[in-house]
Amino acid sequence: MTADAVLADVNSSPEGISELEAARRLVANGPNELNAKPPRTLMQMVKEQVGDPMVLILLVAAALSALLREWGEAGIIFAIVVVNAGIGIVQERKAQSSLEALRNMSAPSARVVRDGSEAIVAARDLVVGDVVVLDDGSMAPADLRLLSSSGLRMQEAALTGESVPVEKDASATAAPGAPLGDRTDMAFATAIVTGGRGTGVVVAAGMDTEVGQIAGLLEGDEELDTPLKRKLASFGKLLTIVGVVAALAVLAIGMAYGRPFAPMLLLAISLAISVIPESLPATATIVMALGVQRMAKHEALVRRLPAVETLGGATVICSDKTGTLTENRMSVVRAALGPDIDREEAVAPARALEEHPNLFGYLAFAAVLCNDAQFADGSGDEAAAASPDTVIGDPTEGALLVMARDARIDPAALRATYPRLAERPFDSDRKRMTTMHERDGEVVAAVKGSLDGMLPRCSFVMDEDGPRPMTEDDRTRALAVAAQLSDEALRVLAFAMRAVPAVPPEDEDVERDLTFIGLVGMMDPPRADVRDAVDTCRTAGVRTVMITGDHAATARAIGEELDIYRPGDLVVTGEELEQMDDRELDAAASRASVFARVSPFHKLRIVRALKHAGEIVAMTGDGVNDAPALKAADIGVAMGITGTDVAKDAADMILLDDRFTTIVYAVREGRRVFRNIQKVVAFLVADNVAQIVMLMVAVALNWDAPITAVMILWVNLATATLPALALGVEPASRHIMEHPPTRSGTLLEAHLARRVIVQGLFVAAFGLAAYLIGTQAAGEEVGRTMAFGVVAFSQVLRALNQRSTTDPVWDREGGRNPWLGWAVAASTALMLIVLLVPPFVDAFGGALLNPWQWTVMLALALLSLVQTELAKAIGRIRAAR
């Protein structure tokens, strides 16, 4: 719509609305602020924590322990429930600030025109129809349709993802459905004016603004369970069902044989407790917490514990371009001076300086003087320019200062030598900016702007021997160089100059008979280490997808340079995505490596399409526009330095150094956490299988129980807990980033589950053998004690070879784990106490063993270690073949 049509539509005028009308509209439509989601009460949080399936399993285990009068174990389990719930509540309280951060981004006040006069009002009191005045440094307090603009440029990176300020034009109109970045007639809430001035009429306020719609997306997207939560809950339910069924079966068979009810009930309950993984949630929490500590040392701050494992299982990393894959600053990467244009070639600035030092001096002269940016301390020294953050002003103009500084030209000194006398500001019609400076008693005009708008104004071209007349061939070759740079997704700026006797009057055209100096190509450069990180992710089976608000050509060029985009991949624009239904998007998402010119809602659809395809999605980003997708992804990763508060609060993890390579470390650490949890599960379950099989076989054959209830509880406490915790801190395998991520929906993949069951069957066979040998040789108590020892020492020994499912037990190339040695020693000591100290032997219903019985027991326990190592060796041989 045209500006006049918009004014008519909102019933306003260039003089604004009246104070009375503004008050009426404020009452009718509410304040210009974002809705705050009501925080959940403490009781609601507690209810959710207690209702978690794994917590319910823990409570069942505590109740069964209490029935057996095992008060110590019941107390420990209950303490675990309290600690887990407390951690969850604290994390949730920290995580519920996304909308508050969005609210804080709103401008506190605004300059408005009401009744034809300017006034300062609180931003929350703005209404649709208010006319707002924008000037340099101000923030748009609502969504505005521009009524006037003079050199107006606005930084919209937080909303659109574009790193370059957008030139606004009140006279323009946008096509219906145009991406936000193409709506040059609009000023969106939270966008900051980087140059020029303008006025606009409020067309959307509060939740109706583009930022408000993002707030709505954040508000409506419920928190999803992480893959680890789902796997733990599913696995816990499975083991609980198995434990209950096994316990009922043991009780039923025993009763069928006419055995006493009370002892059989005690045995059945003990078996159920042994199967219920009461230590698994606590162990998983500890393993993840230690992973969080390690990642914090590598500049990755994890806000939610399960995010550690989730990133390790990621199959796709959706990365924002600006500030994540790139440095979020413009940089001059190509330059073409007079001789370079003759050969139709643009070269690196350093090479241009080396080949044409004098000509490059003219280029730097115009680039520094026709420029409003400056270094933070007003100088051009390297200390001030060590970081792009020290450049104040337009990023494009800041890049020109850095180019000059790199050529050992001090911008501050140059400006002091040639003071500015007058200027012709940039505007979208001329596409040029001109400044006039005093130079040796005369005035020189420095001009920069678009090449197509400047060439018709040039009569000369600067060559090695000085200015010479510009020919049509010169113009053609300059345009060819510019076209080549544009194809590489570079932003092209041309420079010229002209000497005049004095500063001309305002109405005199000074931008004629110019001497063309050259042109430069600029871009937001990729981070130097990102390509290697992308390659590492690809080797690890993790696909990288770029999602950006920039133009398709720019995104593709960056994607090619970083090896994200390869021939055959799709580049999908927001306009194309808008035409796709969900099924078409699902198909495109599997082949696309670059999504360009997309809106916040598009990013959300892309993440959901990938998740619908079964991918585990990690989304990185830094802007407000990334927040909904960060929240919807399996794991959201925000930038800590350049990231907005909104992005950080919506994310699960924050990169404190903004380095994409930190994600690679996080993926590796996440895989380590998941593999260690797998090791703990396999370690615990194999013992559960052994105990179930032993008791089921004994009861089915109408034998006495080969191990008692108290023996089962002691094995779970003495030989399972400490080694399980030690396995949780195992170093990462040296092969951990050479395999694709685990896509199984369970904690144990099929081949691991088979291996665990086989291990359990062997331990059960060795335990039953020990029971029979001891019983026949010296009676029931000796047989039961030998079976008890075989089960316990087998578990202790298996902790050593559980470090790896492929490498032999003596292999230490993955790294040493001293904690495992201490855990094995402590568990062994605890077992020796109950097998050698008479009062404890009597309490456990056992007997003291002679040397021969000890030899048989330890030999059978050692066989479980041999069986596991033989299985590994066979697996290595098969893999080699």
Side-chain angles (χ1 to χ4, degrees), residues 156-164 166 174-184 186 188 190-191 209-211 213-218 221 316-326 328 489 524 543-559 562 564-565 569-582 584-613 615 617-633 636-639 643-644 646-647 650:
E156 299 175 340
L159 186 63
T160 66
E162 287 195 71
S163 55
V164 179
V166 179
L180 298 184
D182 292 342
R183 303 181 195 179
T184 57
M186 292 288 296
F188 297 106
T190 73
T209 62
E210 294 296 332
V211 170
Q213 292 179 39
I214 293 176
L217 293 175
L218 287 172
D221 205 334
V316 176
I317 297 178
C318 295
S319 178
D320 182 52
K321 178 184 75 66
T322 304
T324 308
L325 300 174
T326 64
N328 197 22
D524 180 5
R543 186 162 62 101
T544 305
V545 176
M546 180 194 298
I547 305 178
T548 177
D550 264 341
H551 292 280
T554 304
R556 177 181 294 177
I558 296 293
L562 295 176
I564 292 174
Y565 174 86
D569 291 351
L570 291 181
V571 177
V572 179
T573 66
E575 189 174 352
E576 294 169 339
L577 192 150
E578 196 69 41
Q579 306 301 318
M580 296 179 180
D581 58 25
D582 290 343
E584 292 170 330
L585 179 56
D586 289 349
S590 63
R591 295 181 53 208
S593 59
V594 175
F595 289 89
R597 218 62 178 154
V598 295
S599 70
F601 181 69
H602 292 154
K603 292 185 179 186
L604 196 57
R605 282 191 67 197
I606 293 166
V607 169
R608 287 173 173 169
L610 289 168
K611 291 178 68 175
H612 185 259
E615 306 283 4
V617 183
M619 170 74 189
T620 73
D622 60 353
V624 177
N625 59 324
D626 299 319
L630 288 173
K631 188 175 181 182
V637 183
M639 302 297 109
T644 60
V646 184

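All values below were derived from every heavy atom in this structure, side-chain atoms included, with hydrogens, water molecules and symmetry-related copies excluded. Treat the numbers as computed from the prediction; the structure is a model and nothing was measured.
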| message | Could you work out, with salt bridge (Lys or Arg N to Asp or Glu O under 4.0 Å) as the rule, every residue matching R605, not counting sequence neighbours? | response | D582

Closest non-hydrogen atom pair, [X] against [Y]:
X    : Y    : result
L604 : A632 : CD1-CB, 3.3 Å
I558 : T326 : CG2-CG2, 4.2 Å
V545 : A592 : CG2-O, 3.9 Å
A629 : V607 : CB-CG2, 3.9 Å
E156 : M186 : OE2-O, 4.1 Å
L180 : F188 : O-CE1, 3.7 Å

What I'd like to find out is whether the side chain of [X] reaches to under 4.5 Å of the side chain of [Y], using heavy atoms alone.
X    : Y    : value
C318 : T620 : no
I606 : L577 : yes
R543 : L610 : yes
Q213 : E210 : yes
K603 : M619 : yes

Holding to side-chain contact (heavy atoms from CB on, under 4.5 Å), I want the full list of residues that pass it with [X], two or more places apart in sequence or in another chain.
X    : answer
A174 : A178, R183, D185
E584 : M580, D581
E575 : T573
A555 : M546, T548, V594, A596

| field | Spacing of CZ belonging to F595 relative to CG belonging to L585, to within rounding of 0.5 Å | value |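 Between atom CZ of F595 and atom CG of L585 there are 6.0 Å.
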
| field | Spatial distance of atom OG (S593) from atom CG (L562) [nearest 0.5 Å] | value |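 These two atoms lie 11.0 Å from each other.
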
| request: Could you give me the CA-CA distance, side-chain angles and deciding distance for E578 and H602, then say whether side-chain contact (heavy atoms from CB on, under 4.5 Å) is met? | output: CA-CA 8 Å; E578 196 69 41; H602 292 154; 2.5 Å; yes

| field | Criterion side-chain contact (heavy atoms from CB on, under 4.5 Å) on V617 and I317, from CA distance to verdict | value | CA-CA 6 Å; V617 183; I317 297 178; over 6 Å; no

| task | With sequence neighbours excluded, tell me which residues meet side-chain hydrogen bond (donor to acceptor under 3.5 Å, both in side chains) with T184. | result | none

